[in-house]
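Worksheet: the structure to be examined is printed underneath.
The structure displayed is predicted, hence computed values, not measured ones. Heavy atoms only: backbone and side chains are in, while hydrogens, waters and symmetry mates are out. Here is the naming used below: chain letters follow the sequence lines, and residue numbers restart at 1 for every chain.
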2 protein chains.
Amino acid sequence: MVSIISVAKAAGVSNKTVSRVINGEPYVTEETRERVEKAIRDLGYIPNMAARLIRSSRSNTFGIITDYVSTTPYSVDIVRGIQDWANANGKTILMANTGGSSKREADIWKMFQSHRIDGVLYVTMYRRTVDPEAGDVRIPTVMINCRPQTNELFPSIEPDDYQGAQDLTRYLLDRGHRKIGYIRLNPILLGAQLRLDAFRKTAGDFGLHESDLSIRLGMEGPVGAEKNYVFAVATEMLQQKDRPTAIMSGNDEMTIQVYIAAMALGLRIPEDVSIVGFDDFRTVSLALKPELTTAALPYYDLGLEGADLLNSVVAGNKARPSNRVLRCKLVERTSVQSL
Amino acid sequence: MVSIISVAKAAGVSNKTVSRVINGEPYVTEETRERVEKAIRDLGYIPNMAARLIRSSRSNTFGIITDYVSTTPYSVDIVRGIQDWANANGKTILMANTGGSSKREADIWKMFQSHRIDGVLYVTMYRRTVDPEAGDVRIPTVMINCRPQTNELFPSIEPDDYQGAQDLTRYLLDRGHRKIGYIRLNPILLGAQLRLDAFRKTAGDFGLHESDLSIRLGMEGPVGAEKNYVFAVATEMLQQKDRPTAIMSGNDEMTIQVYIAAMALGLRIPEDVSIVGFDDFRTVSLALKPELTTAALPYYDLGLEGADLLNSVVAGNKARPSNRVLRCKLVERTSVQSL
DNA sequence: GAGTTATATGACAACGTCGACATTTTTCTA
DNA sequence: TAGAAAAATGTCGACGTTGTCATATAACTC
């Protein structure tokens, strides 16, 4: 392997001078710099991070630890956000997923330590509380899409499910809907309760009574193997005599079934029933016709800002373990009718 | 940081003996081993990979380089497969994505080299030909879900789109369908042509004429921003007098629109029209009612076997740059009616 | 132009680990 | 039980960098 020494020899300088050129340090003549850079190019020299780390004990590497990667497919945008940040800031990303096993999680923390990473991004693919298995380790950590269960030691960054559901509910109310159905997300998911709360509160504040709201459970059970009642529940809801004029559901995937249920009953969307989702899972929200009005989860930004937050934590801004929250943007399409 | 030396001191042995214990080398008394292990536990020692790499120039790290991470959400299962393999075999994964920029791709190759990774997994999120920007680098590389455009230097591993579409077509033919509609995937995707070819060939071999086949383009344009004709095309197809009794489409996402088009026309699935997809993108295939019969892309296994293949390449089995292909499994659900 | 300061470069050690080789201790063999 | 072989442990240096400190050269100052 071509090292700093071969370059130094080729350029006729000391290895330290080569090091200076590589790291853009001052006190190198333009002429020397050029000679060294030429040697670097000629020899195809590439710095050895391992050696650098050994010397300076700063790896410039962040670790991502996730649970599953694919439960809600678009949530991988979190990872994309992190990677884009890393790329822009010259950091390297080490990635591992636990698959839900806490033994494996412990191993991953060990692995991270053995690579002397600077910080950890603890990411979950659906919003929930977690309990990191870091042991007595003290690597700076930022939680993305989740929050610590027990202590408040780690800063976190999450989507604002409450605000998203609030906006969506207001949107329906503003358009004259007074009887609204709500099909609940799996209660395991932290977002489920928040979205429902926002819906109830917003509708209540507006003057609707509990009897105007038809609230039903759409899914339950362990993530990835849940029981799915959405189609049945939606069908039932839409067969009532005083059926809701609008249905809101826990997420966009569920709305597929709501659409199909409505259409199977001969109802037109949005003329006979308006529908809104949640997530802006575009594979679905754009495939449905009419296209789905929904609230977009800020996955990409969670990643981007999470990485940035971690960076400042690593740099020593220990200010306060802040718990940031990112807005969900309402995406208006054509699945809602004004009454 | 606690190093091998502190451990040696604590255990009252030489650092080399500690090294032996860590690496499970022979010629260490049981008694010594225990003393060293105790010291390791007490001090919380964790080996420093960087130092190890510097010494032995073997990083035990694979790099994953991808284009986009989220175009077809379930394709992230490739990454999961790779990670699971890595986890089981004590390797570390470095991950980066190009976002389609070849400048960035070149940077990533550099980054990989600077970490002295042992091999690269070149992964694309939809099947296509690629042209790695590795420059004159010679890191062992395996392609997953794609193949080299120009030369045949790299081994690759891909899904068998042809066989999947063949199985699906036969499945329809076996159930008495003689007029079949086909809505094509974006022609940019390598799978598109293969799936269509298989459909045409299989139907032809069975005795159907081109006039029995209604073949239409569903999408085109750059990935992620394609024009989408599926709904219109499906509607049109189903309004014909001698409409097809079954519709096959390029992938599962597209079938959402086929379902909706059929239902909007008052057609029942599968009584009036049978529908099959491709991919087994479960968020969709299980949400549709009736649930969708489709061919499952072996994403997870692509990752798993790709990693294993790379490992053997790294180990020096330079046999031949093999181009493996993995079967797509037909997943039978309830969207097809026997005639 | 002597003295001072800023700029430019180099020598060398150290980071943590492991490989090569040396040395000591134990076990076996005849 | 001496001698040989095997097992157990240790010494030391090298891997590729960069930090520390020293030195040399150039650029100022009065």
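- Within 4.0 Å (heavy atoms only), A:Ser3 reaches sugar-phosphate atoms of the nucleic acid but no base atom.
- Candidate nucleotides D:dT11, C:dG16, C:dA11 were compared by shortest atom distance to the side chain of B:Arg55, and C:dG16 ranks first.
- Of the N and O atoms on the side chains of A:Thr92 and B:His115, at least one donor lies less than 3.5 Å from an acceptor on the other residue.
- At whole-Å resolution of the value, CD in B:Glu25 and C1' in D:dT9 are 12 Å apart.
- Rounded to whole angstrom, the span from the CZ atom of A:Arg33 across to the C1' atom of C:dT7 amounts to 13 Å.
- To the nearest angstrom, C1' of D:dC15 lies 9 Å from CG of A:Asn48.
- Rounding to whole angstrom units, CD of residue B:Glu31 and P of D:dA7 are separated by 19 Å.
- Judged by closest nucleotide on DNA chain D, B:Tyr27 is the one of A:Arg52 and B:Tyr27 placed further toward the 5' end.
- Each of A:Ile4 and A:Arg20 was assigned the nucleotide of DNA chain D with the nearest heavy atom; the assignment lying further toward the 5' end belongs to A:Ile4.
- Dashed line: the shortest gap from a side-chain N or O of A:Thr29 to OP1 or OP2 of C:dT9 is under 4.0 Å.
- Without hydrogens or angle criteria, B:Arg324 side chain to B:Ile157 main chain gives no donor-acceptor distance under 3.5 Å.
- A:Ser3 places a side-chain N or O within donor-acceptor distance of the main-chain N or O of A:Ile5, the cut-off being under 3.5 Å.
- Regarding contacts with the backbone of C:dC18, a side-chain N or O of B:Asn23 is found under 4.0 angstrom from either OP1 or OP2.
- One can place CD1 of B:Ile5 at 13 Å from P of D:dC12, the figure rounded to the nearest angstrom.
- For B:Arg116, the listed nucleotide lying nearest its side chain is D:dT17; candidates were D:dT17, C:dG16, D:dT11.
- Across all strands, A:Pro47 comes closer than 4.0 Å only to sugar-phosphate atoms, never to a base (heavy-atom distances).
- The side chain of A:Ser19 places an N or O atom within less than 4.0 Å of a non-bridging phosphate oxygen (OP1 or OP2) of D:dT18.
- Rounded to a whole Å, the CG atom of B:Asn15 is 9 Å from the C1' atom of C:dC18.
- At whole-Å resolution of the value, NZ in A:Lys9 and P in C:dG10 are 14 Å apart.
- Residue A:Ser57 is out of contact with every strand shown, counting any heavy-atom pair closer than 4.0 Å.
- B:Ser59 places a side-chain N or O within 3.5 Å of a backbone atom of B:Arg116 that can act as its donor or acceptor partner.
- In this entry the distance linking CE of A:Met49 with P of D:dT17 reads 10 Å, nearest Å.
- Each of B:Ile54 and B:Lys16 lies near DNA chain C, and the nucleotide nearest B:Ile54 is the one positioned closer to the 5' end.
- When atom types are taken as modelled, the side chain of B:Asp118 and the backbone of B:Asn60 share a donor-acceptor pair closer than 3.5 angstrom.
- Contacts of A:Ser56 with the nucleic acid, taken as non-hydrogen atoms under 4.0 Å apart, are absent.
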